[in-house]
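Single-structure report; data block below.
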Amino acid sequence: MPSPPLPLVQSLSPRIAILTSEDVVHSCEANGCRGLEELLRPWEGGTERVSILSSTLTPTIHPTFPLRFVSFESVYTNPASSSPNPDIIVDLISSFVGAKKPDDEQHYPLTRSLLLSSRPLASHETFNHPVGILFAVSTATPDPLGTLNKLHAQSTGLAVQSVPWMDGSNVLRFYVVIHDVSSMGEDMAPAHELLANVKKAYGPHSTLLVINSQIERRIPPDSPDVSTHPTIPLPRPFTPDIVNPSALSQVYASALSSLTLSPMAAASASLGEKAVSDTPSTPTKPARRKLYGAKLTAEDTQRLAALVRELVVQSLVPWMEARVREWNEVYHSHRRGITGRLFGAGRKFFGSRPNSPAPGSTPTGYNAVKGYYPITAVEALSRRLADFAFMLRDYRFAGNVYDSLRRDFAQDRAMRYAAAATEMYGLCLLLSHNFFLPSSPPTLIPTPFTNLQHTEITSWLEQAVVAYHQRGPASQIQLDALRITVLYYEAWKAIGEWRGVGAALVKSAGEADEVPSAVLIEEAAAADVKGGKSAKGRRRRAFHLVLAARRYETAGLKTFSRRCLERASQIYRASPWTAAQDRIEYSLGRQAYTIGESDVAVEHFLRLLRREDTGVPGSQAGPLEDMALAYEQLAAHPEQLAASAERLQLPNPVFDVKSTRVVASSSGSGSSTSRDRWSVLEAQALSSWDRKGKKPMTLLPDEKKTVVGIDEPFTVELVATNPLNAPLTLTNLTVSFDPTDEVEVETIADLYLEPYETRWVSLSVTARKPTTLRLSKASFMFHRFFPCDQSLEKKGKRLQATKAQRLKPTYAEDTSLTIAVLPARARVEAELIGVPDVVYEGEAVEAELKIRNAGKVGVEDLRVIWSEYGMVRRKRVESDDTEHNDTSTSIPSLIDTNTSTILHAENVTEDETISIPIIFSGLRKGQTDLLGLITFSPRGDETAITEAVMVEHHVKVLPLTSLKASFKPLGGETPNYLVALEVTNTSSRTLQVDGIHGVSAAWTVNSPSELSDTPLLPNQTIRTILAVKQDKPATARLDLAQKNVISALGRLIQGQPPEEVSADLASTISLVGQPLLSSGKASYVTSRRADRLSRLGQSFPTIPTEALSRIFPLLEPLDLDIVVSYSLPSSSRKGFATLHSLRPAPEFSLVEGLRREVEAAIASGSKTTRTMYEETGRLRRVLMDSVLEGVMAREVDPMVVRLKVGESKRGAVEHDFANGACKIPIVFELQNRSPYLPTRFILKLPIPSTSTQNQEPSSVAQPHFIGNLSHRGTIVSGGIEQIHTEIWVHEASLVNLEGWELTVETGEADQEEWKARMNWSRRGGEKIVQVRQV
């Protein structure tokens, strides 16, 4: 049947004081015991199935009813011995816990035993007050009755009442007659006669005990194990057939060595000190031997157990039940009195007792001066009543009494009494759980408390703990708080209640840095993850472990502190709480270093070197230095270093294995550009292949396989990353290959890395014989002291061909780090010389491309293709005059594709170096990664495969100028415009504008003959006016409608694949106006191509770039580009800035005819091509919208209107109105500025107003047009139409020529049929004409 936990019941069980004669002591000493209390010690907890009456007279059978036997002297004669100093208890706990290994897990049982068994003899509770006194005399005593009378008189003398708060009179008195067979023989008649006399004199609470029945001498057994332990032994009495002297001796040794049953005696024996014992030592009492029960037989053990049971069942329990009933009447009569009835309203107004008793009177209230209630006080009796009920397991009744007492004590300001009553009230509520009822089946699963019940119980414990801690400073340990919390904890564990248990244990531990506090906090950590909350309580558990570790370390128990930190570290390693983990690892490392475990210290310090992006900058520098000291100590012990080598690994790799690569010298060593860009460049080179010999499948080196020749250096490129937030130095960095013979590897002496810095590291390697090498590992010294080897092996592609490979991840062998070393082969090295890292936009820089034949055979037919078209071009080798006087008036009309160009057609012998002059131009602003692929063939071997070498340069192009242009149309039959060009210096350098040129096939630009010599400072702007005129003969030769382009777009719309569509474009286009020099023309064509492709790509996103160059021309017929040449006065640097795609003339739609065809096809319901995929249909719709609704469909109003007033002078007309009204001629000049389309117009003049209201002469009058008020006509492209009309003015006034309306429509005349395109309407604005009187 269930029962409260044994440690709880044992620590609060009834206490029996034993007073014996000297003959009894001698009989006990024959068995190795110092007194009868030790002779009975093994059997004091073995009384089972005891029937107890509750306060309601309900009998209940309890599974056990333990007792506590103590000597009379330790309680009454010397009560201080039963109240050890708290500091001694703390030291004992520290000593016993420290003597054990952490793995023994004895720290909490030892602490619990010493805390519960060291409960002091106190005034505020009666659990340690003796419930009864056991008198014992021997038949060997000369005058046994006289001796018994003396003992009885001793128990009732003044010495018993030396403590005013402990009742020594109202106790059970039990008398035992002991017959020592070894000294008195087997004749029992004298013993029975003495027992009869004792019963006659002292009553029925008397019995006979026969001991020392072992008369024959037997061989002494081996010495028993007398090591201290926290358990409570519950042995069974021996039977004659299984008696064993060694077992009997061990039973007594275990009982007398138990820190729970004999705390002070066991502690004194274990620590080898003459400390306080339950039985005071005397000269006649020798030190306890390690041999017990030498005179006892199996029957003697049965008699001893029977004595304890008789004492409990027949005397103690009935006597305690009677006292409960008796004191209960007193308690209730006191509560029913006037003071009791009004107690709750305030005893300070009704029946309050004085704090100090009057002279000559017996005190009955709380003595505030001395801090106790006398035994005559009702409160003291009530407290004893509650404690008796608790010991009799009547928890509900005891709880009610405790509840009333805590209020009474609080009213009397007896705070120590109030705290004790409060803790017991909560404990009674806890033990009232159904699980602890004796009637509950053993297999009952505990029903948890409700939240309200659990909160209430916890609150009472918390109040008591807070009251205890308020008695002293925060740094002082309070054993009372620890003791009551342990009792609650034992009950909570029994019923499986874990809510708030950890917090209660931590709160009771307080802030004292002592071992008991650390033990309870560590136990709280264990409770945090119990009760189904392991996931939620892990962080709390780790925190409590760290807190316990700190207190262990302060108390000097380093091993326990380390154990707690290791457990906390295991939790934090699997969580994101890096700051706490670092603190724990650092503490563990320092502790390990202190005790000489250098390998463990290094292991912990290594964990502190993991990458932390949220750490304090520089915080890992300290652990790094501590690790250096620990490793220096470890290196002095080679055997220990070798044994720990596998565990000492960096937490984060320094080198990125995935980014590690082996690069042959021909593969562009040091390239940081992605493989995709090189693949695009390779595809462009192969698509325009026109070399001799067999076309290769690829030009780029195989990433999965690197091929080099003997004595040909190749490069191992590593990506090194500093994982620390502190500077790091790597020394003696090298790599290893398999096999290692005849391979020369470069070693980097020092590599300094800033915090979190990532850097490419290159190591040169040379193989001296043909073989196959495989890169295996990188070796280095981490921060100059820690040798590291990092494997560089990669996993290949995941295999999923078979079921086994799909179930278990299987990878193919990686070959990207394998190098095939072949005999001599062709090899070329290339380098750009003189190309700066920073250039300005449009700047042209003279440089050279140096090529060296580094192989063993000659090469020929060197060609190059660049990723940026025109950024690098070969400089012409003709004379300077030819270079600058080439004034060709035509440029390519086609948009060139990026193809290979010849660098050097002749042979290049072994180890020969050639330099090719080049021009490097900055095309567009921003960072540019220039890639070049140079192809070459071995000399004289037409069957050899063409190889390539990669060239790479990174350049930053800075903005230099900003160009803006605005147009203003001029009159005249030929369309003329004025262009206001603004040039702004956007750089930090001084700029000099050297010239301005216009580039167009239809427009001539009259460039200024002389430009200002004043340099353009940063952020300054110059403005110049340029005259632009249409060259009509040249325009007439141009295909302004771009029919070939529109036809190609039509085929795209119809669904023809882009690769099959091209426009029939001329190869060149002639320019008009002042021609560009050769150097400027090349830069212009490059700039124009880049701008043209960019604009076309934005306008037609669904057309591939390759198709754009086949469909659209480089320069549209009506486009105008302005080229500004500049130089930097402080240097020889110069270049060109270009403003592209200006349109002086009004734009008109080029796709109007195509639109009509599409609309007609849709209207006729013709069958459209169906597509299988939705995405294909969407792309076709986007293509149609970009063509029919995009930039080529843009059309603007081409009509320009000018009003002229006849005979006006400076906007004024004079007339003598004395001769009558006047007619003023007005001319509307309409000009069609469209270079391609005719226009029709309708001009409607405003109808004269019929209002007769007089107007002031100075007011603005409305015009009165006379004659025809509606005019219409057609104007050819570029034509001018004048419409003459008149206004009638009858008085001097200001006339506003507004209100006219003009409707314009563009169209096409097809076989005398007008096909309208678009129309616009406008209303005449304000134009004032002043008519003055002569």
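Between F1112 and F1100, the gap from one ring centroid to the other is short of 6.0 Å.
Under a 3.5 Å cut-off, the side chain of S1000 and the backbone N or O of A1002 do form a donor-acceptor pair. Within the 3.5 Å criterion, the main-chain N or O of A683 finds a donor-acceptor partner in the side chain of S687. Judged by distance alone, with hydrogens and angles left aside, the side-chain atoms of N1044 form no donor-acceptor pair with the main-chain N or O of A1048 at under 3.5 Å.
For D1031, there are no salt bridge (Lys or Arg N to Asp or Glu O under 4.0 Å) partners, not counting sequence neighbours. The side chain to side chain contact (heavy atoms under 4.5 Å, CB included) test applied to T909 returns E912, R939, not counting sequence neighbours.
Of the charged side-chain nitrogens involved, at least one lies within less than 4.0 Å of a carboxylate oxygen, so that E829 and R852 count as a salt-bridged pair. A salt bridge links D1119 with R1088; the closest basic N to acidic carboxylate O contact falls under 4.0 Å. In this structure, E1116 pairs ionically with R1143, as a charged nitrogen and a carboxylate oxygen lie closer than 4.0 Å. Between D1185 and R1181, no side-chain nitrogen of the basic residue sits less than 4.0 Å from a carboxylate oxygen of the acidic one, so the salt-bridge criterion is not met. Taking a cutoff of 4.0 Å between a charged side-chain nitrogen and a carboxylate oxygen, E947 and R827 do not qualify as a salt bridge. Ionic pairing of E841 and R924 is not present here: no N-O contact between side-chain nitrogen and carboxylate oxygen is shorter than 4.0 angstrom.
Among L1016, L981, L991, the single residue meeting the side-chain contact (heavy atoms from CB on, under 4.5 Å) criterion with I1022 is L1016.
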- Item | Candidate pair N907 and V859, rule side chain to side chain contact (heavy atoms under 4.5 Å, CB included), full reasoning | CA-CA 6 Å; N907 297 334; V859 295; over 6 Å; no
- Would N985 and S987 count as a side-chain hydrogen bond (donor to acceptor under 3.5 Å, both in side chains) if you check the C-alpha gap in whole Å, the side-chain angles of each, and the deciding distance to 0.1 Å? CA-CA 6 Å; N985 183 0; S987 70; 2.8 Å; yes
- Task: Determine, step by step, whether R863 and D690 satisfy the salt bridge (Lys or Arg N to Asp or Glu O under 4.0 Å) criterion, reporting the C-alpha distance in whole Å, the side-chain angles of both residues, the deciding distance to 0.1 Å, and the verdict.
- Result: CA-CA 11 Å; R863 304 190 184 195; D690 59 351; 2.5 Å; yes
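The nearest pair of heavy atoms linking S962 to T986 is CB-CG2, 3.8 Å.
Side-chain atoms of D994 and Y1126 form no donor-acceptor pair, as typed in the model, at a separation below 3.5 Å. Residues T946 and S937 have side chains that bring a donor and an acceptor to within less than 3.5 angstrom of each other. A donor-acceptor pair shorter than 3.5 Å can be found between the side chains of E682 and T698. Side chains of R1133 and S1127: a donor-acceptor N/O pair is absent below 3.5 angstrom, by distance only. The closest side-chain donor-acceptor pair between S1047 and R1051 falls under 3.5 angstrom. A donor-acceptor contact closer than 3.5 angstrom is absent between the side chains of H954 and T928. A donor-acceptor contact under 3.5 angstrom links the side chains of T1021 and T984, judged on distance only.
Remark: Y977 OH is packed, more than 12 non-hydrogen atoms of other residues, nucleotides or ligands lying under 6.0 Å away. When the shell of 6.0 Å around CD of E906 is examined, it contains 12 or fewer heavy atoms from other residues, nucleotides or ligands.
Both tests hold for R1089 against Y869: distance to the six-membered ring centre under 6.0 Å, angle to the ring axis within 45°.
Between Y1236 and F1148, the angle of the ring planes stays under 30°, which puts this pair in the parallel group of the 30/60° scheme.
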Counting only pairs under 3.5 Å, give me each side-chain donor-acceptor contact of residues 1058-1066, with atom names and distances, residues two or more places apart or in other chains.
none

